[in-house]
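First the structure, in the form of structure tokens, and then the observations on it.
Every chain is numbered from 1 and lettered A, B, ... according to where its sequence line falls, protein lines coming before strand lines. Because the structure is a prediction, the values reported are computed rather than measured.
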Amino acid sequence: MANHEYAKQGEFKPIDLLAVAAAREVNDQDVVFAGTGLPMLAIMVAQLTTAPNACCIYEAGSVDGKPISLPSSVGDPRCIYQASIASGLSDVFGQLQRGVVDLAFLGGAEVDKYGNVNTTAMGKYGIVPEKRLTGSGGNSDINGLAKKTVFIMVQEKRRFKERVDYITSPGWKIPKWPSGEMVHKKEVYNNAYRGGPEAVITNMGVFRFDENGEMYLDTVHPGYTPEDVKESCSFDLNISRVSGETLPPTYKEIELLYNTIDPEGIFLP
Amino acid sequence: MAKVQKVSIQEAVSQIKDGDMLTFSGFTIWRRPMAAIYEMIRQGKKDLHLVEVNGGTHSDLLIGAGCVKIWESCWIGHELFGKIGGNLSRKAENGEVVIEDYSHVQILYRMAAGALGIPYMPTYASLGTDMLNPEYDHLGKLGLRDGSNPKIPKKKYEIAKDPFYGSELVHIPACNPDWCIAFVQMVGEEGTVRVEGQLYSDEEAIKASDNVIIVAEQVVTEDYIRREPSKNLIAPHQIDYIVELPWGAHPTGCFGCYETDGAFLSNFFSSTRTQEGLDAWVDEWVFGVKDFNEYLSKVGFERLETIRANPALGYSTKVKRGKR
């Protein structure tokens with residue numbers, strides 16, 4: 001039966017832990033911008049447990065929907081069931097620029113030690129790109145203008161880089177154009193500066209950023225050591241501040257994920 | 001005010017010239033004017049310049065079929081049913097299509113400035129990213145910002161101090177496409193447009209464009225659509241052509257009418273990973289049928305019935321979406 005005890009290793013899948021670890025970043029009454037997939041699962045877990053008053057905005061234009069069936073993307077009609085408003089990009093991105101978004105969940109193909117994220121291209125970029133990806137979407141705008149952002153990513157050595165191939169989304173140290181000099185985000189965003197990447201959550205651990213905007217390992221997921229995580233990182237990851245092991249999902253959270261949030265198995269295996 | 005013409009999809013699309021700049025309604029895999037895309041491919045359009053708030057199945061197909069020269073946008077893919085726009089990636093990596101990257105807000109504001117009749121819009125969005133890297137100003141590098149094409153701004157962007165509070169922002173140039181092709185649920189016979197569900201960036205796209213083709217699930221009497229003007233989005237004087245074409249967004253979805261045809265999109269994504277695959281797909285689904293009605297017959301009644309939306313919810317309750 002469902003209860004609030006933590007599941008033991010082997011009783012949950014890595015994706016369950018990702019969704020739940022992300023959900024723990026949501027405070028009650030937060031205004032949350034979430035994208036398709038895991039971010040949707042995370043905000044719904046939060047709303048059904050510790051943050052019932054969190055308001056979810058999807059970038060296609062739905063505000064505070066109460067879907068009774070999991071949306072398969074942010075443009076899905078399911079997003080606006082019992083929403084307060086169904087508007088459009090102009091409204092919701094305007095709210096983001098206005099500074100009302102507390103937290104956003106994002107994904108990416110590559111991340112660097114300052115939290116710069118790439119979703120545009122791998123390898124050499126130019127008029128003829130080496131390997132074109134999907135593009136920025138709202139990633140860069142949201143990471144630039146929300147008070148806090150949390151990235152959910154796959155842990156791989158080639159994805160955790162000293163310097164991403166293309167800065168799609170701004171981290172703590174970014175280029176000040178047109179010169180391209182790397183400076184603190186505060187200097188580039190001036191009056192619109194209100195924060196930046198808070199955490200990166202992968203299938204191996206939870207990473208946060210120090211006073212200099214550099215990534216460090218905060219918690220490791222059950223089954224891994226800090227050294228394992230450092231090994232899966234191209235840059236010299238700081239593991240001196242590890243605070244312990246990531247809390248596993250509870251039985252109740254697992255039940256919510258599989259029976260209430262995604263019973264059709266759209267994102268969950 | 002010029003009268004809106006009700007025409008066939010063939011007639012509407014025949015007005016578009018090679019090299020024209022186009023934008024569309026919808027969001028990723030929702031409410032895309034797919035019937036118009038099929039017809040553009042059938043009519044062999046060339047060198048099109050797409051500027052869109054985001055791409056999706058419609059633009060990935062048009063690009064794959066060789067109709068497009070320049071794509072200015074921020075994202076392309078098929079959501080859950082195909083993580084990237086594989087045809088755009090291939091065409092760009094082969095040097096056959098030029099990409100100019102903006103972020104979601106930046107490209108939205110290009111359209112919004114165009115809709116408001118002003119030359120640019122300031123924003124904080126995406127400061128400090130490679131979208132502002134002069135190395136990646138592709139149209140500039142190709143010498144296309146010389147002013148000879150009035151639709152291409154002389155600069156990709158400008159970073160400037162605002163004159164009132166002293167903050168630095170990105171100034172994004174307006175965009176006024178030659179055409180917007182929008183798929184909507186309902187239009188009045190004189191051209192009043194109603195959009196239901198999320199509005200995405202339809203209003204900006206339609207108002208920014210010089211010429212507008214509305215393809216609608218249903219054309220209704222003006223009297224009916226004007227009974228509740230607060231539900232309407234666009235007035236007739238901003239519309240040029242209307243086309244009535246039920247299911248015209250298939251395989252993308254349309255709020256209140258039908259669900260995205262996910263299996264169809266997955267199949268499109270996986271079978272068009274190569275140019276040969278794309279060509280075969282186009283031969284089968286575009287050239288292999290004489291018009292959109294024949295396409296719908298090929299898709300089949302049963303399939304369409306499964307994705308038809310439940311009116312109480314705006315989506316289908318019959319379609320199998322997940323793995324369980």
Side-chain angles (χ1 to χ4, degrees), chain A residues 36-37 59-62 69 72-81 86-90 93 96-97 120 125-141 144-145 166-170 174-178 180 185 188-192 262-269, chain B residues 27-30 53-54 73-77 79-80 83-85 88-89 92-93 95 98-99 101 103-105 108 112 123-134 136 138 141-142 159 165 167-168 197-204 253 255-256 260 262 309 313-315 321-324:
Chain A
T36 298
E59 66 181 298
S62 79
S69 173
S72 61
S73 73
V74 297
D76 193 315
R78 290 163 183 78
C79 298
I80 66 170
Y81 187 78
S87 62
L89 274 70
S90 191
F93 278 109
L96 172 76
Q97 186 162 256
T120 302
Y125 196 59
I127 294 166
V128 180
E130 205 174 311
K131 177 89 193 91
R132 172 73 193 190
L133 305 175
T134 194
S136 74
N139 206 311
S140 51
D141 310 314
L145 296 165
Y166 183 103
I167 301 178
T168 308
S169 195
I174 48 178
K176 190 176 168 72
W177 300 112
K185 185 181 175 190
V188 177
Y189 275 74
N190 43 72
N191 289 356
D262 189 13
E264 293 170 86
I266 295 168
F267 299 112
L268 293 170
Chain B
F27 189 96
T28 67
I29 54 167
W30 296 97
V53 173
N54 60 59
S73 188
C74 74
W75 188 94
I76 194 165
E79 299 277 12
L80 190 58
K83 293 278 180 194
I84 61 165
L88 172 71
S89 294
E93 289 157 19
V98 178
I99 296 174
D101 293 288
S103 75
H104 231 154
V105 171
L108 170 71
T123 177
Y124 294 104
S126 301
L127 280 162
T129 70
D130 271 326
M131 275 163 288
L132 308 182
N133 185 340
Y136 304 142
H138 297 155
K141 291 233 151 182
L142 290 168
I159 292 178
Y165 304 97
S167 203
E168 273 192 342
Q198 286 140 297
L199 304 173
Y200 310 136
S201 49
D202 286 25
E203 183 176 357
E204 291 80 7
F255 177 91
T260 295
L313 298 165
Y315 53 85
R321 300 189 302 148
K323 298 177 194 79
R324 283 197 295 273

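- A heavy-atom distance below 4.5 Å is not found between the side chains of A:Ser90 and B:Glu203.
- No other option in A:Thr120, A:Thr36, A:Asp76 has as many heavy-atom pairs under 4.5 Å with chain B as A:Asp76.
- Using a 4.5 Å cut-off between heavy atoms, B:Ala112 makes no contact with chain A at all.
- A:Lys185 does not touch chain B: none of its heavy atoms, backbone or side chain, sits under 4.5 Å away.
- Minimum interatomic distance between A:Ile174 and B:Leu127 (heavy atoms only, all atoms of both residues): CD1-O, 4.2 Å.
- Counting only heavy atoms from C-beta outward, the side chains of A:Tyr189 and B:Ser167 never approach each other to under 4.5 Å.
- Contact annotation: the side chain of A:Leu89 approaches that of B:Phe27 to within less than 4.5 Å [non-hydrogen atoms, C-beta and beyond].
- Looking at B:Glu93, both its backbone and its side chain come within 4.5 Å of chain A, counting heavy atoms on both sides.
- Below 30°, between 30° and 60°, or above 60°: for B:Tyr136 and A:Tyr125 the angle between ring planes is above 60°, a perpendicular geometry.
- Only the side chain of B:Glu204 comes within contact range of chain A, judged by heavy atoms closer than 4.5 Å.
- The shortest side-chain heavy-atom distance between B:Leu80 and A:Ile266 falls under the 4.5 Å cut-off.
- In terms of heavy-atom proximity, A:Val188 sits nearest to B:Gly128 at CG1-N, 3.9 Å.
- With a 4.5 angstrom heavy-atom cutoff, B:Leu108 touches chain A only via side-chain atoms.
- Within the 4.5 angstrom heavy-atom criterion, only side-chain atoms of A:Ile80, from C-beta onward, approach chain B.
- Contact of B:Asp202 with chain A is not made at all, since no heavy-atom distance falls under 4.5 Å.
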Under the salt bridge (Lys or Arg N to Asp or Glu O under 4.0 Å) criterion, do A:Arg132 and B:Asp101 qualify, and how do the steps go? CA-CA 12 Å; A:Arg132 172 73 193 190; B:Asp101 293 288; 2.9 Å; yes
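- Heavy atoms only, all atoms of each residue included: A:Ser69 and B:Tyr315 are closest at CB-OH, 3.6 Å.
- No other option in A:Pro170, A:Gly75, A:Gly61 has as many heavy-atom pairs under 4.5 Å with chain B as A:Gly75.
- The shortest side-chain heavy-atom distance between B:Asp130 and A:Thr168 does not fall under the 4.5 Å cut-off.
- No side-chain heavy atom of A:Arg78 sits under 4.5 Å from any side-chain heavy atom of B:Phe255.
- For B:Thr123, the parts sitting under 4.5 Å from any heavy atom of chain A are the backbone and the side chain alike.
- One finds the OG atom of B:Ser89 at 7.0 Å from the CG atom of A:Leu133 (value rounded to the nearest 0.5 Å).
- Side chains of B:Met131 and A:Ser140 form a contact here, defined as non-hydrogen atoms less than 4.5 Å apart.
- At a 4.5 Å heavy-atom cutoff, the contact between A:Ile127 and chain B is made by backbone and side-chain atoms alike.
- Chain B forms the most heavy-atom pairs under 4.5 Å with one residue out of A:Ser87, A:Gly88, A:Gly135, and that residue is A:Ser87.
- Counting heavy atoms from C-beta on, the side chains of B:Arg324 and A:Glu264 never come closer than 4.5 Å.
- What you find for A:Pro129 and B:Ala92 is that their closest heavy atoms are CD-O, 3.4 Å.
- Residue B:Tyr124 touches chain A through both its backbone and its side chain, counting heavy-atom pairs closer than 4.5 Å.
- In terms of heavy-atom proximity, B:His104 sits nearest to A:Ser136 at N-OG, 4.1 Å.
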